[in-house]
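Written out below as structure tokens is the structure these notes cover.
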Amino acid sequence: MDYSKTVNLPTTDFPMKANLPAREPEILKKWMEMKIYDRIQESRKDAGLYILHDGPPYANGHIHIGHALNKILKDIIVKHKTMSGFRAPYVPGWDCHGLPIELNVTRELGDRAKDMPKTEIRKKCRSFADKYVRIQMDEFKRLGVFGDYENPYLTMSPLYESKIVDVFGKILKGGYIYRSKKPIYWCPNCVTALAEAEVEYGNHTSPSIYVKFKVDPSTAGIKGVDADNLHAVIWTTTPWTIPANLAVCFHPQFQYSVFKFGKEYYVLARGLATQMEEVVGSKIEGEFPLTREQIEKFRVYHPLINRESRVIFGDHVTLDAGTGIVHTAPGHGQEDYVIGIQYGLEVYCPVDDEGRFTDDYPDMKGVNVFDANDKVVDLLRKNGTLIQTSKIEHSYPHCWRCKKPLIFRATEQWFFKIDHDGLRRKAMSTVDTTEWIPVWGEARFRSMVETRPDWCLSRQRSWGVPIPSFRCSKCQKNMMSAESVEHFAGIAAEKGIDSWYTDDIGSLIPSGTRCQCGSEDFIKEYDILDVWFDSGVSHFVVLDSWKGHRWPADMYLEGSDQHRGWFQSSLWPALALRGSAPFKTVLTHGFVLDEEGKAMSKSLGNVVPPELLIKEYGADILRLWVSSEDYRNDLRIGTDMIRQIADSYRKIRNTFKFIMGNLSDFSEKDRVPYDKLSDLDKWVLHKLYHLSKKIIEHYEKHEFHLVYRSMLNFCAVELSSVYFDISKDILYVEPADSVKRRANQTVLSEALKSMVKLITPILAFTSEEIWQFIGMKNSVHEESYYRLDDSYDNPEVESRVEGLVDVKKDVLKAIEEARKEKKIKTSLETDVRIFVSDQKLRGQMMEMGDEIKRFFQVASVELAGEESSGLVKMDYSSVSVMKTSGNKCVRCWNYTPDIGTDPSHPELCPRCTGIINKIKA
RNA sequence: GGGCCUGUAGCUCAGAUGGUUAGAGCGUACGACUGAUAAUCGUAAGGUCGGUGGUUCGAUUCCACUCAGGCCCA
């Protein structure tokens with residue numbers, strides 16, 4: 001007789017092979033048809049609100065793995081909050097304006113771009129951005145990320161654009177906006193400003209000159225030094241910036257001395273003095289160390305122009321080259337500018353748009369700066385302030401378009417004043433009231449806020465939101481008022497932002513506007529706003545105007561680069577207009593690196609595109625990978641790791657499959673009450689109860705890698721290795737409707753119901769697949785976490801069972817020894833003798849009777865009364881094993897000495913004989 | 001060059017107010033099973049806790065420096 005037909009083997013069509021790349025799109029389709037996002041929102045319309053406000057990715061190009069990480073993390077939080085009973089809307093956004101898109105478009109257009117009107121270029125930029133918004137949207141959906149894709153926020157939408165102008169106007173009204181000079185890259189040939197991204201570095205030969213700045217003899221006063229011949233010495237490779245020199249900069253910590261060269265006395269950093277011997281062409285004849293106080297007292301004179309050059313101190317001074325004293329022209333260098341601002345120096349720039357000297361430097365008025373190099377050197381030589389000149393070849397910025405060398409030149413820009421009205425102080429205090437994850441984000445953000453300079457808001461570009469300012473055509477003064485901006489915001493809201501370019505100035509400027517000089521004749525200016533301002537006002541736009549939202553958001557979640565980026569660009573406008581931060585919690589994640597921990601780059605060829613992983617493994621594998629790593633640090637990804645994640649996925653999937661297979665004949669009416677369960681059953685429920693609690697806590701603390709870990713361990717150890725392995729002897733062998741088996745199934749059913757929901761925020765697709773498979777009509781994402789009964793918490797059972805588990809480890813080790821010696825093959829054919837010294841445990845084992853055989857999965861267990869010979873001392877007990885003399889029952893596969901006692905079933909053990917007879921009857 | 005962060009078995013992660021043999025899962029090897037089967041079960045091997053120096057009776061844990069890597073600035 002084939003007894004395998006009498007055994008309750010698991011039956012399920014739930015496929016072992018997930019085939020996620022094919023299955024996930026089907027699930028997506030179903031979600032789309034049922035409008036899953038809307039359904040969830042609708043079903044929770046009265047629930048507590050939790051808002052994760054999306055930071056907008058930039059709409060050029062396909063998503064990369066970092067986007068996937070960011071969106072999946074957000075989605076896990078949103079799904080967790082949803083499962084916890086909250087209404088957690090999620091409005092995805094896109095950053096649409098800005099240089100990268102404009103560059104893409106103008107590069108595509110080539111030379112045609114030059115003659116094209118701004119409105120045409122803007123149109124092309126708009127459709128470029130639009131294309132990638134669509135692409136990225138599909139890619140995010142494919143990841144299983146839920147959101148209001150019908151109503152995303154786009155920084156280029158008419159509503160959003162007019163909101164930007166509106167917010168800008170209010171900030172202007174608050175007195176935060178001012179106009180000032182700032183040095184930027186400038187191409188004198190193209191007569192245009194350039195952004196860092198447009199700069200190409202290439203070799204260039206420049207003059208290298210050492211110049212003396214005379215120290216006022218009355219401020220010298222150093223014993224042994226001829227006060228009339230004392231000079232501070234600087235080195236530069238841009239002689240043409242000497243006319244714009246306003247200061248000489250020392251390092252606050254370096255040691256400076258006066259060095260005697262013949263009749264001359266030079267102030268130099270000590271570390272560079274010997275190099276100067278070669279430059280000067282003679283030996284140092286004496287050194288006179290200087291204190292900082294002495295240096296501070298010096299008055300130093302400009303070598304060409306009759307004015308003082310201020311003595312200042314800055315950390316940017318280095319000993320790499322030169323003299324340790326830096327020629328400082330705030331209008332022509334980034335560092336010079338920054339230190340100049342600190343010392344209140346003018347951002348002085350005597351150079352015009354074409355790169356020629358202006359009236360400010362009459363000696364060379366109209367001379368191109370590159371031609372001026374030689375002339376400046378001549379002048380210095382003539383007046384005796386030049387020490388040495390030579391040529392140097394070095395890397396120098398060039399224009400990407402015309403390939404000519406660039407200059408750094410101060411131009412008029414619009415700024416956001418960070419220190420107006422105590423704003424920086426307010427920012428510092430919001431840092432305290434915001435929750436930072438990880439905690440060090442607070443210190444990082446604080447130090448950035450503490451030191452950040454004013455925010456330069458203007459860009460000389462086409463693709464963005466125009467700064468609606470005017471210039472008086474008579475006196476050239478700027479005109480922009482809260483009223484004039486408000487006026488334009490109204491027009492923008494009604495007709496779109498492009499009116500700035502298309503409409504006549506008469507309609508754009510409020511009637512009766514008059515310049516201080518009395519003129520009413522204005523012209524439009526065409527600067528646009530920094531795109532960071534666009535995304536920085538997203539909280540005003542979305543949280544104020546989207547249905548069912550509120551200001552501020554509960555959470556901002558981005559990469560740690562946004563401490564300087566979006567978190568700040570969002571904070572400053574919020575503080576200026578509302579006095580508090582737009583976020584309660586700021587969570588940052590690290591960056592995705594390759595398997596060696598190196599940053600991904602095209603040149604290294606180590607980029608892992610998400611679509612490749614999705615195509616090969618599926619989005620759930622990607623989601624599981626995200627959950628498996630501690631995102632607070634940088635994350636790594638590579639083929640080996642993904643393979644490992646796929647293995648873990650299979651373990652989890654198979655666990656579900658096993659449970660479902662064994663529940664095929666179980667329904668709620670078959671449930672067995674808790675007090676009828678075995679210790680082992682209760683132990684699993686106890687473990688499950690705590691797993692559930694722990695996992696929800698991990699989600700709450702945003703520690704998803706611990707969710708992953710707990711879940712995987714539970715599947716592998718508590719369930720697969722311990723519970724399933726032991727209980728197969730009941731599930732398969734006992735009569736289908738026996739209490740023991742139903743008890744087992746009751747536990748499995750509880751496990752299934754709770755676990756599928758616990759993993760839903762992470763395995764968005766697979767949990768849905770399981771949910772549908774067990775016959776549910778709705779989506780698992782509309783559900784809440786399953787609440788396990790508090791009575792499952794049973795520490796007493798836990799300690800009882802775990803005492804046995806420990807002893808079982810000993811038994812398994814002993815069996816393994818015997819197996820190696822080829823004495824036995826399987827644990828089931830083993831007779832075991834055990835001695836445990838713990839009285840309680842021994843009593844417990846005795847009470848178990850035959851159950852203990854099942855627990856240890858052996859043929860027989862004999863409890864020794866004392867530590868006797870033949871027993872081997874192990875970790876928790878003393879054990880001896882030997883091959884049983886019994887035979888194998890063909891039905892239950894257990895070994896017993898009494899096979900075939902019933903002649904009608906010669907191959908069965910008494911237990912199975914009884915069961916067979918019962919089934920037949 | 002500066003600020004911040006990271007560095008524990010092949011991989012992903014735990015861990016300890018400094019104190020006996022530093023843990024888990026996965027992977028690997030070997031074995032078992034063939035009634036979770038492109039599954040399942042068992043056992044084992046694997047780490048001078050990035051390196052050096054210091055504080056200490058004692059440091060992987062504290063301090064300094066250093067190396068490798070990351071983000072942001074310059």
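Note on naming: letters A, B, ... go to the chains in the order of the sequence lines (proteins, then strands), and numbering restarts at 1 for each one.
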Rounded to whole Å, how long is the line connecting atom [atom1] of [X] with atom [atom2] of [N]?
X: A:Glu703; N: B:A14; atom1: CD; atom2: P; result: 8 Å
X: A:Asn654; N: B:A38; atom1: CG; atom2: P; result: 9 Å
X: A:Ile824; N: B:G31; atom1: CD1; atom2: C1'; result: 12 Å
X: A:Asn633; N: B:G69; atom1: CG; atom2: P; result: 17 Å
X: A:Glu558; N: B:C71; atom1: CD; atom2: P; result: 17 Å
X: A:Trp440; N: B:C71; atom1: CH2; atom2: P; result: 12 Å
X: A:Lys813; N: B:C41; atom1: NZ; atom2: P; result: 18 Å

Would the [X] and [Y] ring centres measure less than 6.0 Å apart?
X: A:Tyr723; Y: A:Trp683; result: no
X: A:Phe250; Y: A:Tyr256; result: yes
X: A:Trp436; Y: A:Phe445; result: yes

Could you tell me how far [M] sits from [N] if I compare only their [atom1] atoms? Round to whole Å.
N: B:U61; M: B:G54; atom1: P; value: 14 Å
N: B:G58; M: B:C11; atom1: C1'; value: 33 Å
N: B:G3; M: B:U66; atom1: P; value: 12 Å
N: B:G25; M: B:C65; atom1: P; value: 40 Å

Using a cut-off of 4.0 Å on non-hydrogen atoms, how would the nucleic acid contact of [X] be classed: base, sugar-phosphate, or nothing?
X: A:Arg643; value: nothing
X: A:Trp625; value: nothing
X: A:Leu593; value: sugar-phosphate
X: A:Arg452; value: nothing
X: A:Val890; value: base
X: A:Ser720; value: base

(request) Anything below 3.5 Å on both distances counts as a pair; with that, list the stems of at least three consecutive Watson-Crick or G-U pairs involving RNA chain B. (result) B:1-7 with B:67-73, B:10-13 with B:23-26, B:28-32 with B:40-44, B:50-54 with B:62-66
Would you say [N] has OP1 or OP2 under 4.0 Å from some side-chain N or O of [X]?
X: A:Thr655; N: B:A36; value: no
X: A:Lys657; N: B:A39; value: no
X: A:His589; N: B:C71; value: no
X: A:Lys820; N: B:A44; value: no

(request) Give the B/S/- string for nucleotides 21-30 of chain B, one per nucleotide from 5' to 3', where a protein heavy atom under 4.0 Å of the base yields B, of only the sugar-phosphate yields S, and otherwise -. (result) ---BBBS---
(message) If you assign A:Cys892 and A:Lys822 each to the RNA chain B nucleotide with the nearest heavy atom, which residue ends up on the more 5' nucleotide?
(response) A:Lys822
